[in-house]
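Got a structure for you, written out below as structure tokens; questions coming shortly.
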Protein chains: 2
Amino acid sequence: MAPPRVPAGDLSKHEAAYRTLRQRILEGRYGPGYRLVLSGLARDLEVSPVPIREAIRRLEAEGLVTFERNVGARVATLTDDAWEELVEMLALLDGYAVRQAQPMLTPEILAEAEQINAALRRQLTGGIDNEAVMALHRRFHRLIYSRAANTYLVDALDQVWDRIDASRVLVSLYPAKRLASAVDEHDELLQRLRQERVNPSDLEQFARWHNLNAAVTIRNARGR
Amino acid sequence: MAPPRVPAGDLSKHEAAYRTLRQRILEGRYGPGYRLVLSGLARDLEVSPVPIREAIRRLEAEGLVTFERNVGARVATLTDDAWEELVEMLALLDGYAVRQAQPMLTPEILAEAEQINAALRRQLTGGIDNEAVMALHRRFHRLIYSRAANTYLVDALDQVWDRIDASRVLVSLYPAKRLASAVDEHDELLQRLRQERVNPSDLEQFARWHNLNAAVTIRNARGR
DNA sequence: CTCGAAGACATCGTATACGATCCGATCGTA
DNA sequence: TACGATCGGATCGTATACGATGTCTTCGAG
């Protein structure tokens, strides 16, 4: 009997490096601007610099890392304007995804979404843990948009969320007041999603508007 | 006096390889499924396999190339469904981009767009050169959407168009009847864009609808 | 003290080498 | 003939080596 083609944990080294680096960036261990020195990472991950370079190239193509010739790689840093543009993309994509996902949503999914939103609401009374809020918020949205049929759309949304996570902006800037509104808007979204005969275009517009609200709030929080 | 930092034509080898390969894919010299053998390309481009690998990784991250471990790289092939999903993305992104670009469009830009559309219309009477039609069609749309303020949006549109070009689907399947409709729709789009007080939401919907028409037509041309 | 040049160091960029893996052809056996 | 094992070539995956480039520090002149 032949052994399994890929014994589960056996990834190529560049693939493993890619996943490790990506994870470290997303969880904030490597924050924006952090310098990714090839030889250092190679030592750290116990591989040669070659697969590290490949991993970095992929991260670069995904926008999580910037690279300067003969200088090196850094975790991407977003200007305020760039951050707003990304959120605008999120709003555009998520709006359409919600519209497309709506017929696919089962009562179970909606119930789970309600659970997540309830956990978010609990953060309002207890102290707010921004990391937890961001994770819950992302989970809430992904639960819905991931049901959209268009796989490119879902992938694009995942990627945009990754970049927003990597920027660490929301983690530091999400104000309690916005969270309160967001939780209410989530409830309204769920309510609309439960209706059979909801107007798809209205639904898309509402979801888009909800996402854009975050951008507006952060812009104000930054003081214009 | 120090020499210029980057003497114009002096790209790193992986960058040069990336551009060369990308171009060859987009112009159809390497069609869908074409096998990209690292050592062969290295010989061809007169570099070592290492920078070729980096170039391929970037192309892979952009979706132009698929890669299989220990097997190698191929130019990406789109299933019919995947192709339709990509066009749907195009419609979503382009619709919003047109809406955002509208206030930035000068009479000069609109005149140029009209020129391009006139060239498209000429293809209807003379024999149709599909390569030329595709290039003109893309130029027409890019002229408009590239004025959108959101750079991520513009980049995403460029990328989706690249993938569609690389798939060579439109080149072989664009029927004359659809071209006639498309040219008319372009005219209507330009007419709407010229109005100062056009409703942004209507504009977006119209542009989205126009792009989706292509998908519907091709689906029918393929015989469901 | 300030400025600029020169050198040392850190790091990147690519070539080369070689082991690992896969695929297809060959050969033997039922 | 049909099937499966074995072998060989093609190709990938990664380590190592070293030259090229950029950056920082030091040192000397003004």
Side-chain angles (χ1 to χ4, degrees), chain A residues 1-22 24-25 30 32-62 64-77, chain B residues 1-22 24-25 30 32-62 64-77:
Chain A
M1 181 177 68
R5 289 305 174 95
V6 179
D10 182 17
L11 299 169
S12 60
K13 300 195 176 177
H14 73 255
E15 182 78 26
Y18 165 75
R19 296 192 188 190
T20 303
L21 294 177
R22 184 166 168 283
R24 290 184 183 178
I25 291 169
Y30 299 156
Y34 182 91
R35 184 132 183 241
L36 299 165
V37 177
L38 300 184
S39 52
L41 295 172
R43 247 193 320 278
D44 187 16
L45 304 182
E46 300 182 295
V47 294
S48 85
V50 177
I52 300 287
R53 286 180 71 87
E54 277 183 62
I56 298 268
R57 287 284 172 228
R58 289 178 62 181
L59 294 168
E60 186 192 6
E62 289 172 20
L64 294 179
V65 160
T66 57
F67 201 99
E68 206 177 339
R69 167 130 190 232
N70 280 321
V71 173
R74 293 178 174 281
V75 176
T77 303
Chain B
M1 184 175 67
R5 288 305 174 95
V6 178
D10 182 16
L11 298 169
S12 61
K13 300 194 175 178
H14 72 255
E15 182 79 27
Y18 165 75
R19 297 192 187 191
T20 302
L21 294 177
R22 183 166 169 285
R24 290 183 182 179
I25 292 170
Y30 298 156
Y34 183 92
R35 185 132 183 240
L36 300 165
V37 178
L38 299 184
S39 53
L41 295 173
R43 248 193 318 279
D44 188 15
L45 304 183
E46 301 183 292
V47 294
S48 86
V50 177
I52 300 287
R53 286 180 71 87
E54 278 182 62
I56 298 268
R57 287 285 171 227
R58 289 177 62 182
L59 294 168
E60 185 191 8
E62 289 172 21
L64 294 179
V65 160
T66 57
F67 201 99
E68 207 177 338
R69 168 131 187 233
N70 281 320
V71 174
R74 293 178 174 281
V75 176
T77 303

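This structure is a prediction, so every number in the text was calculated from the model and none was measured. Each chain gets a letter, A, B and so on, in the order the sequences are listed, and its residues count up from 1.
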Any B/Ser48 side-chain N or O less than 4.0 Å from OP1/OP2 of C/dT14: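 For C/dT14, neither OP1 nor OP2 has a side-chain N or O of B/Ser48 closer than 4.0 Å.
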
Does B/Ile56 reach the side chain of B/Leu41, with side-chain heavy atoms less than 4.5 Å apart?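 Side-chain contact under 4.5 Å: yes.
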
Checking all strands, does A/Ile52 fall into the base, sugar-phosphate, or nothing category for heavy-atom contacts under 4.0 angstrom?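 If one applies the 4.0 Å heavy-atom cut-off, A/Ile52 turns out to touch nothing in the nucleic acid.
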
Closest to the B/Val71 side chain: C/dC12, C/dC22, D/dG13?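 Shortest atom-to-atom distance from the side chain points to C/dC22.
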
In this structure, how many angstroms lie between the C1' atom of C/dA20 and the NZ atom of A/Lys13, rounded?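 Atom-to-atom, A/Lys13 to C/dA20, this comes out as 11 Å.
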
Would you say that A/Ile25 contacts A/Val65 through its side chain, given a criterion of any heavy-atom pair below 4.5 Å between the two side chains?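 Yes. Closest side-chain heavy atoms under 4.5 Å.
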
With a non-hydrogen cut-off below 4.0 angstrom, is A/Ile56 in contact with a base, only sugar-phosphate, or nothing?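 Nothing, no heavy atom under 4.0 Å.
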
Tell me, do A/Leu64 and A/Arg22 make a side-chain contact under 4.5 Å, heavy atoms counted?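 Yes, close enough: below the 4.5 Å cut-off.
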
Please give, in whole Å, the distance from C/dG13 P to B/Glu54 CD?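 Distance check: B/Glu54 CD to C/dG13 P gives 7 Å.
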
Output the rounded distance in Å from CZ (B/Arg43) to P (D/dC12).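 Answer to the nearest Å: 11 Å.
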
What's the CG-C1' distance between B/Leu41 and D/dA10, to the nearest Å?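 B/Leu41 atom CG is separated from D/dA10 atom C1' by 15 Å.
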
Report yes if some heavy atom in the side chain of A/Arg53 is under 4.5 Å from a heavy atom in the side chain of A/Leu38; otherwise report no.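 Answer yes - side chains close enough.
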
Examine D/dG13: is either OP1 or OP2 under 4.0 Å from a nitrogen or oxygen in the side chain of A/His14? Give yes or no.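 So the side chain of A/His14 is outside the cut-off, no N or O lying under 4.0 Å from OP1 or OP2 of D/dG13.
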
Could you list all N or O pairs between the protein and nucleotides 18-21 of chain D that sit under 3.5 Å apart?
from	atom 1	to	atom 2	distance (Å)
D/dT21	O3'	A/Asn70	ND2	3.2

With respect to the side chain of B/Val47, which nucleotide from C/dA15, D/dG22, D/dT14 is positioned closest?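 That would be C/dA15.
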
Are side-chain heavy atoms of A/Arg74 and A/Leu36 found at a separation under 4.5 Å?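 A/Arg74 does not reach A/Leu36 side chain to side chain.
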
Please give the nucleotide sitting opposite D/dG30 as a Watson-Crick or G-U wobble pair, both distances under 3.5 Å, or none.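 Matched D/dG30 with C/dC1 under the 3.5 Å cut-off.
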
Atom CD of A/Glu60 and atom P of C/dC12: how far apart are they, to the nearest Å?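 Going from CD in A/Glu60 over to P in C/dC12 covers 13 Å.
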
Quick one: on DNA chain D, does A/Glu68 or A/Ser12 contact a more 5' nucleotide (nearest heavy atom)?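 Here A/Ser12 is the residue nearer the 5' end.
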
For B/Arg58 and B/His14, what are the C-alpha separation, side-chain angles and deciding distance, and is it a side-chain contact (heavy atoms from CB on, under 4.5 Å)? CA-CA 10 Å; B/Arg58 289 177 62 182; B/His14 72 255; 4.2 Å; yes

Do we get A/Arg57 above A/Phe67's six-membered ring, with its NZ or CZ under 6.0 Å from the centre and within 45° of the axis?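 The answer is yes, since A/Arg57 meets both limits relative to A/Phe67.
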
So do A/Glu62 and A/Tyr18 actually touch side chain to side chain, heavy atoms under 4.5 Å?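 Yes, close enough: below the 4.5 Å cut-off.
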
5' precedence on DNA chain D between A/Pro49 and B/Val37 (nearest-nucleotide basis):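 It is B/Val37 whose nearest nucleotide is closer to the 5' end.
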
Could you give the CZ-to-P distance, from B/Arg57 to D/dT14, as a whole number of Å?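 Roughly 8 Å, once rounded to whole Å.
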
Please state how far atom CG in B/Leu38 lies from atom P in C/dA15, giving the value in whole angstrom units.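 Computing the B/Leu38:CG to C/dA15:P distance gives 13 Å.
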
Just checking A/Val50: base, sugar-phosphate only, or nothing, at a heavy-atom cut-off of under 4.0 Å?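 Since a base atom lies under 4.0 Å of A/Val50, the category is base.
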
Please report, rounded to the nearest Å, how far the P atom of C/dT14 is from the CG atom of B/Leu11.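 Rounded to the whole Å, the gap is 10 Å.
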
